[in-house]
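Residue numbers start from 1 in every chain, and the chains themselves are labelled A, B, ... in the order their sequence lines are given, proteins ahead of strands.
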Protein chains: 2
Amino acid sequence: MARRVHQGSVYNKERTKKKLIDAVGRILIREGFQNIKVNKIAAVSGLSKKLIYNYFGGLEGLIKAYLEQVDFWKIEEQKLDNGGKSALPEISKDFMFQLLRDDFEYLYESAEMQKIVLWGISVKNKTLRELSDEREELGKRVFEKADAFFENSQVDFRATVAILVSSIYYMVLHAKTSGSRMCGIDVSTKEGKERVLKALERLIGQTYKYAGYAL
Amino acid sequence: MARRVHQGSVYNKERTKKKLIDAVGRILIREGFQNIKVNKIAAVSGLSKKLIYNYFGGLEGLIKAYLEQVDFWKIEEQKLDNGGKSALPEISKDFMFQLLRDDFEYLYESAEMQKIVLWGISVKNKTLRELSDEREELGKRVFEKADAFFENSQVDFRATVAILVSSIYYMVLHAKTSGSRMCGIDVSTKEGKERVLKALERLIGQTYKYAGYAL
DNA sequence: AATAAAAGTAACCATCTGGTGATAATTTAA
DNA sequence: TTAAATTATCACCAGATGGTTACTTTTATT
C-alpha cells in the first residue's frame with residue numbers, strides 16, 4: 001500500500017493548494033474580484049483548473065479559502081491587545097485618532113485590502129459577510145469601553161466612528177480608482193492626505209470636547 | 001429617392017436607441033455594471049445586438065450614451081440655483097446639513113445611483129470620470145463661497161465636507177450590499193439612519209462653532 | 001404601386017466560460 | 001523494483017461571449 005500524503009518535489013498537494021490560493025490573490029489585486037475565474041486561475045498558477053474542483057470543490061470553495069487566510073483584522077487585533085496583554089488601552093482621543101490614521105495608511109498602501117473592501121460592497125457573499133462580522137466583533141471591545149466612556153454625554157460615539165471610518169474607506173477607493181478629487185481634495189497627494197487627516201483629528205477632538213472630556 | 005429618417009410605428013431609430021439605453025439602465029440596477037453585456041442588452045430590450053454596433057459603435061458607446069443621459073447632479077443643481085435664480089443661498093450649517101441629508105436620502109432610495117457610485121470606484125472609465133468631474137464642478141460654487149466664509153478660521157471646510165460626503169456614500173453602499181452593521185450601526189433601520197444623521201448634524205454644528213460661527 | 005433607402009433580424013463565427021472523464025506522472029510502501 | 005494510491009494534466013463538452021455578414025421588413029418618395 002502507498003502512503004496517504006505525497007510530499008515530493010513535483011507532486012505536493014498542500015503546496016499546490018497554496019499556489020491556487022496565491023493566484024486568487026494576485027488576480028484580485030491586478031484585475032479585481034470580477035476576474036477571478038477558474039481558467040484565469042489555472043493560467044496564472046500554471047496548474048490545471050481541475051485541481052480547483054478536486055481540492056476546493058469549485059471556485060467558490062477556493063475563494064472562501066482565500067478569504068479565510070486573509071488576516072487584515074488579526075494584525076489590528078494585536079495592536080488592540082497591546083502586545084500580548086489583553087488589557088485594552090484607554091479610549092482616548094489620541095488612541096482613536098491613531099486607530100483611524102493607521103486604518104487610512106494601511107488601506108491606502110494595500111491594494112489587496114482595497115479590492116476586498118470594494119468586493120464587500122459590490123456583491124453579497126457569505127464569506128465576505130463573515131469577514132465583515134469578524135471585524136465588527138473586533139471593534140466590539142473598543143466600543144463597549146467607549147460606550148461607558150460616553151454614557152452620559154450627548155455624543156453618539158458609535159455613529160461618529162462609523163462616519164469617520166466609512167469616509168476613509170470611500171475616499172481611498174475613490175482616489176485609487178477614479179483618481180479625481182472630492183470636494184477639491186485629492187488624498188493621493190501628500191497635501192490632500194494631510195488635510196483629511198487633520199480634519200479627522202479635529203472632528204475627533206471636538207467629539208471628545210463636546211462630551212466634556214479634554215482628553 | 002426615399003426620405004432620410006424613418007418614423008414608422010415599427011421602424012424608428014431614435015426610439016430604438018432609447019430602448020437600448022433604457023435596457024442598460026435596467027440591467028445596471030438589477031445586476032450591476034459587470035453584467036452590462038451586448039447579448040444581455042439584446043435580450044432585455046428585445047432588439048438585435050447588431051443595433052448596438054450600428055447606432056453606438058459598440059458597447060462602450062452605448063454605455064457612454066447611457067451615462068451621459070443620467071442627470072443626478074442636474075437635479076441638485078436646480079436646488080442650488082434656488083429655483084431659477086442663480087443667487088446661492090447662505091452656506092449656513094443648516095444649509096450644509098440639508099445638502100448632506102438630501103444626498104443621503106436620495107442615494108439611499110436610488111438603486112441606480114448606488115450602482116453608478118459603485119461603478120465609479122470600481123473601474124477607470126473616461127465617462128464616469130467626467131461625471132465625477134462634473135459633480136466637482138457643481139460643488140465648486142458652494143466651496144468658493146464657503147472658502148471665504150472659513151477663511152480666517154482653523155477649519156478646513158473642504159476636507160470636512162469630503163469626509164462627511166464620503167461617509168454617506170460608503171455607509172449606504174455597505175448597508176445596501178453587505179447588509180451588515182458598521183460599528184454596531186445599521187443605517188437600513190430607521191433608528192440607525194437617525195443616529196447617523198444626528199451625528200452628521202452634530203459634526204457640522206461643531207465645525208461651524210469651532211470656526212467661530214454660531215450659525 | 002414601384003422602388004430605393006433605412007431599420008432591423010437571424011444565423012453564424014471564433015473565442016472564452018465553467019465543468020468533467022480519461023489518462024499520465026510521481027510518490028511511497030511493500 | 002514494482003504496484004497502487006495520490007497528484008496532476010489534457011482533451012473535451014455545452015453554453016455564453018463579442019462581433020459580423022447576409023438577409024428581410026418597413027418606410028417614404030415618386
Side-chain angles (χ1 to χ4, degrees), chain A residues 1-24 26-28 30-67 119 122-123 125-127, chain B residues 1-24 26-28 30-67 119 123 125 127:
Chain A
M1 289 291 173
R3 246 212 328 196
R4 285 217 126 71
V5 182
H6 285 198
Q7 304 258 37
S9 62
V10 180
Y11 280 21
N12 184 320
K13 190 172 174 177
E14 287 310 312
R15 194 186 53 191
T16 297
K17 282 167 88 171
K18 195 170 176 311
K19 276 184 187 170
L20 290 169
I21 289 173
D22 287 349
V24 170
R26 267 185 287 151
I27 295 166
L28 176 65
R30 283 212 312 264
E31 312 183 46
F33 72 93
Q34 301 97 331
N35 291 296
I36 301 174
K37 296 166 184 178
V38 284
N39 287 318
K40 185 156 270 170
I41 292 163
V44 168
S45 66
L47 295 159
S48 166
K49 63 179 166 180
K50 183 74 198 293
L51 301 175
I52 296 169
Y53 299 93
N54 287 351
Y55 297 156
F56 299 97
L59 183 61
E60 259 194 60
L62 173 56
I63 285 173
K64 188 163 184 274
Y66 164 74
L67 288 173
W119 199 354
S122 296
V123 293
N125 172 292
K126 197 165 164 287
T127 313
Chain B
M1 290 292 173
R3 244 211 331 195
R4 286 219 126 69
V5 180
H6 286 197
Q7 304 256 39
S9 63
V10 180
Y11 281 18
N12 186 320
K13 191 171 172 176
E14 287 309 312
R15 193 187 53 190
T16 296
K17 283 167 87 171
K18 196 171 173 310
K19 276 184 189 171
L20 290 170
I21 289 173
D22 288 349
V24 170
R26 266 185 288 148
I27 295 166
L28 176 66
R30 282 212 313 263
E31 312 183 47
F33 71 92
Q34 301 97 333
N35 290 296
I36 302 174
K37 296 166 183 180
V38 284
N39 288 315
K40 185 156 270 169
I41 293 164
V44 167
S45 67
L47 295 158
S48 165
K49 62 179 167 180
K50 181 70 204 296
L51 301 175
I52 296 168
Y53 298 93
N54 287 352
Y55 298 156
F56 300 97
L59 183 61
E60 260 193 59
L62 172 56
I63 285 173
K64 186 162 185 274
Y66 165 74
L67 288 173
W119 199 353
V123 293
N125 174 291
T127 313

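Side-chain nitrogen and oxygen atoms of A/Tyr55 include none within less than 4.0 Å of the OP1 or OP2 phosphate oxygen of D/dT7.
Separating the NZ atom of A/Lys18 from the C1' atom of D/dA8 is a distance of 19 Å, rounded to the nearest angstrom. Atom-to-atom, CZ of B/Arg4 to C1' of C/dA4 comes out at 13 Å; the value is rounded to the nearest Å. Taking atom NZ of B/Lys19 as the reference point, atom C1' of C/dG8 lies 11 Å away to the nearest angstrom. Between B/His6 atom NE2 and D/dT26 atom C1' the separation is 7 Å, expressed in whole Å. Rounded to whole angstrom, the span from the CD atom of A/Gln34 across to the P atom of C/dT17 amounts to 14 Å. Put simply, CG on A/Leu51 is 14 Å from C1' on C/dT23, counting in whole angstrom units. Nucleotide C/dA10 holds its P atom 15 Å from the CG atom of B/Asn54, rounded to whole Å. Look at CG on B/Leu47: it is 14 Å from C1' on C/dA10, rounded to the nearest Å.
By the ring pair (Phe, Tyr, Trp, His ring centres under 6.0 Å) test, A/Phe33 is found to be paired with A/Trp119, residues two or more places apart in sequence or in another chain being considered. For A/Asn12, there are no side chain to side chain donor-acceptor pair (under 3.5 Å) partners, not counting sequence neighbours. With sequence neighbours excluded, no residue forms a salt bridge (charged side-chain N to carboxylate O under 4.0 Å, His left out) with B/Lys50. Residues passing the side chain to side chain contact (heavy atoms under 4.5 Å, CB included) test with B/Ala23, sequence neighbours excluded: B/Ile41, B/Val44, B/Ser45.
Within the structure, every pair that satisfies the salt bridge (Lys or Arg N to Asp or Glu O under 4.0 Å) test and touches residues 5-17 of chain A, not counting sequence neighbours, is listed here: A/Glu14-A/Lys17. Judged as a salt bridge (Lys or Arg N to Asp or Glu O under 4.0 Å), the pairs with a partner in residues 30-46 of chain A (not counting sequence neighbours) are, in order, A/Glu31-A/Lys40.
Within residues 9-17 of chain B, the residues approaching DNA chain C are B/Val10, B/Tyr11, B/Asn12, B/Lys13, B/Thr16, by heavy-atom distance under 4.0 Å.
Using a 4.0 Å heavy-atom criterion, one finds that A/Gly57 contacts no nucleic acid atom at all.
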Distance-only check: which donor-acceptor pairs under 3.5 Å involve side-chain atoms of residues 59-66 of chain A, not counting sequence neighbours?
from: A/Lys64; atom 1: NZ; to: A/Glu68; atom 2: OE2; distance (Å): 3.2
from: A/Tyr66; atom 1: OH; to: A/Glu112; atom 2: OE2; distance (Å): 2.4

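No salt bridge links A/Asp22 with A/Arg26; every basic N to acidic carboxylate O contact stays at or beyond 4.0 Å.
The two residues A/Thr127 and A/Asn125 come nearest to each other via the heavy atoms N-OD1, 2.8 Å.
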Heavy-atom contacts, protein to nucleotides 14-21 of chain D, under 4.0 Å, summarised as B (base), S (sugar-phosphate only) or - (none) per nt, yield ---BBBBB
